[in-house]
Amino acid sequence: MESGKTTKYLKLGSWLLVAWVSLWLMPVTAEDEAASRQYENVKTRQRQAVGQACAVQLEKIQKVFQETDSPDAPRLRALVGELSGLTGKVCNSSYEKSQVYNLLGYSHYSLEDYPGAIESYLALIAEPEADERQRTATRYTVAQLYFSLENYAEAARQLELWQSEATVVSPEGRALLARTYYYLNRKAEALQLVSAVVDEALAASKLPREDWWSLQRVLYYERQEYLKVVSILKQLVTHYPRTSYWQQLGGIYGQLERSGDQLAVTDLLRLQKQLKGERQWLSLAYLYLGADVPFRAARVLEQGMAAGDVEKSAKNLETLGTAWLRARENQRALSVLQQAAGLSDSGVIAARLASVYLDVDDNEAAVRAARDALRKGGLSRPALTRMTLGAALANLQCYREAEPVFRKAAEDKALSKSAEQWLRYVTSEGGRRERLMESGADIQGCQLG
């Protein structure tokens, strides 16, 4: 939908229109007559001629464009003045005026005065003796100019007239009309038209242009016909490979909940070093976690952090630590979760860290992490962290310290049964060990440093 491409075509079209001046100043040849007969069903008439006085002036001005790639603005404005003075004086006939308006339109265009160019080209079209083929070609240029000015209603009207007048309607012109319909919210017509252009190209074993497929893709996406979007994107990544198309394909697979395909496409971008920004790296990591491949998820996150694309924030480090945990790489998980907990104001990560310490039998560390988590707060179920803390204390034979912890945890209805069992155990065991120590038995007490 870029207007830049349209501007390129406008320039080419305008140069072609300039060529009409020299073409119609030349004498009619037998070859010309034969070439004109290819326009079937078009009423023909004898070619109009430009008088000698007018021809001299037009040739002089045309040479400026032929000899100079891009005349400067002052020279162009002077040409506009010269051309404006020709009509009604040196160039009097309708046909001569049409050739003046042609050059005048191109002069305005070169000055980037698009409204002025449109006015001149429309004057050419309005001349009764203007050449039919030149009139038709000029109408197409006028449509392109209106499109570049975002006057889509007038662009559509001119394109529709052009279609009715042209002997051959190019697929490029029909695709431009489809884009115009899109901006006018005539999207059903736009889709029908651009789809016909694409289908005809494929039927003729020709490669459709990238912008045709792109417009078709947008229209199908807005209709939520995602399977057709996938089909078009597969064509685009094959024939016009761009990172953006791969990204869009991965996104559509996500909307279709085809996570396996989304994972494959996103990882391909990683292999091509085309992942951009934290969001894409995290998306790939979560896809690997969703596919139950946590080791790859962890590696992706580490690679993204090493590249500087993924911030080493508390949340991202927690995700990395979780991935290592699920991959049963507890030592790696501990190292990462320690960093994450230190960066977080919430106790959530510290609570998870305490649980990991308990699993690896580092009970003192589990106690410190659990107490840190409870101190920071923000836990959805602090009783779970209290259960971890109580178990670590019990493992360290700190039974009396564990009693109030389990008593508090028992307030959580879902955990009350388990917490009360622990509470009975630590109360009993603590009392038993105290009696043994009072009787002189050599038994260690609480081992918490």
Side-chain angles (χ1 to χ4, degrees), residues 6-7 9-26 36 42-43 45-68 70-71 73-149 151 154-155 157-162 164-167 173:
T6 303
T7 303
Y9 301 142
L10 282 174
K11 190 167 185 179
L12 177 59
S14 300
W15 273 111
L16 290 173
L17 287 174
V18 170
W20 281 94
V21 174
S22 57
L23 177 64
W24 294 103
L25 290 174
M26 294 168 61
S36 68
V42 177
K43 183 177 179 180
R45 64 171 180 265
Q46 185 173 355
R47 176 182 289 174
Q48 298 293 317
V50 175
Q52 183 176 2
C54 181
V56 169
Q57 297 300 318
L58 293 179
E59 286 180 339
K60 181 181 69 173
I61 293 172
Q62 189 190 20
K63 283 181 180 179
V64 175
F65 291 107
Q66 292 175 336
E67 295 173 357
T68 307
S70 55
R75 186 70 184 100
L76 286 168
R77 284 192 284 269
L79 290 176
V80 168
E82 293 176 39
L83 287 164
S84 299
L86 292 179
T87 57
K89 295 180 180 179
V90 180
C91 300
N92 297 310
S93 73
S94 176
Y95 178 74
E96 289 175 338
K97 289 178 182 178
S98 72
Q99 300 311 302
V100 173
Y101 290 136
N102 178 49
L103 279 172
L104 192 57
Y106 185 69
S107 298
H108 281 297
Y109 173 79
S110 299
L111 284 166
E112 298 185 3
D113 174 14
Y114 302 142
I118 290 173
E119 182 180 356
S120 297
Y121 285 142
L122 287 176
L124 183 159
I125 292 170
E127 284 297 332
E129 296 302 320
D131 179 81
E132 292 294 339
R133 287 175 289 174
Q134 187 180 21
R135 177 184 286 119
T136 300
T138 301
R139 192 180 295 282
Y140 184 69
T141 298
V142 168
Q144 291 177 301
L145 284 165
Y146 274 127
F147 187 92
S148 70
L149 292 174
N151 186 342
E154 194 57 39
R157 191 177 79 85
Q158 293 295 330
L159 284 167
E160 289 165 350
L161 288 170
W162 167 74
S164 67
E165 296 170 357
T167 304

List the residues meeting side-chain contact (heavy atoms from CB on, under 4.5 Å) with [X], not counting sequence neighbours, and say none if there are none.
| X | value |
| --- | --- |
| Ala123 | Tyr101 |
| Ser120 | Leu104, His108 |
| Leu122 | Ile118, Ile125, Val142, Tyr146, Gln158 |

- Value for CG (Leu124) from OH (Tyr95), rounded to nearest 0.5 Å, stands at 9.5 Å

- Task: Look up atom CD in Glu127 and atom CD in Glu96, then write down how far apart they are to the nearest 0.5 Å.
- Result: 10.5 Å

Mind listing the closest non-hydrogen atom pair of [X] and [Y] along with its distance?
| X | Y | value |
| --- | --- | --- |
| Lys97 | Cys91 | CG-O, 3.8 Å |
| Ala117 | Tyr109 | CB-N, 3.8 Å |
| Leu161 | Ser164 | O-OG, 2.7 Å |

- Residues forming a salt bridge (Lys or Arg N to Asp or Glu O under 4.0 Å) with Glu112, sequence neighbours excluded: none

- Message: Suppose we screen for side-chain hydrogen bond (donor to acceptor under 3.5 Å, both in side chains). Which residues come up paired with Arg157, at least two apart in sequence or across chains?
- Response: Glu154

- Task: Report yes or no: does Ser98 contribute a side-chain atom to a donor-acceptor pair with the main-chain N or O of Ala130 at less than 3.5 Å?
- Result: no

- Query: Is there a donor-acceptor pair closer than 3.5 Å between any side-chain N or O of Tyr121 and the backbone N or O of Tyr106?
  - Reply: yes

- Are the charged groups of Glu165 and Arg135 less than 4.0 angstrom apart, N to O? no

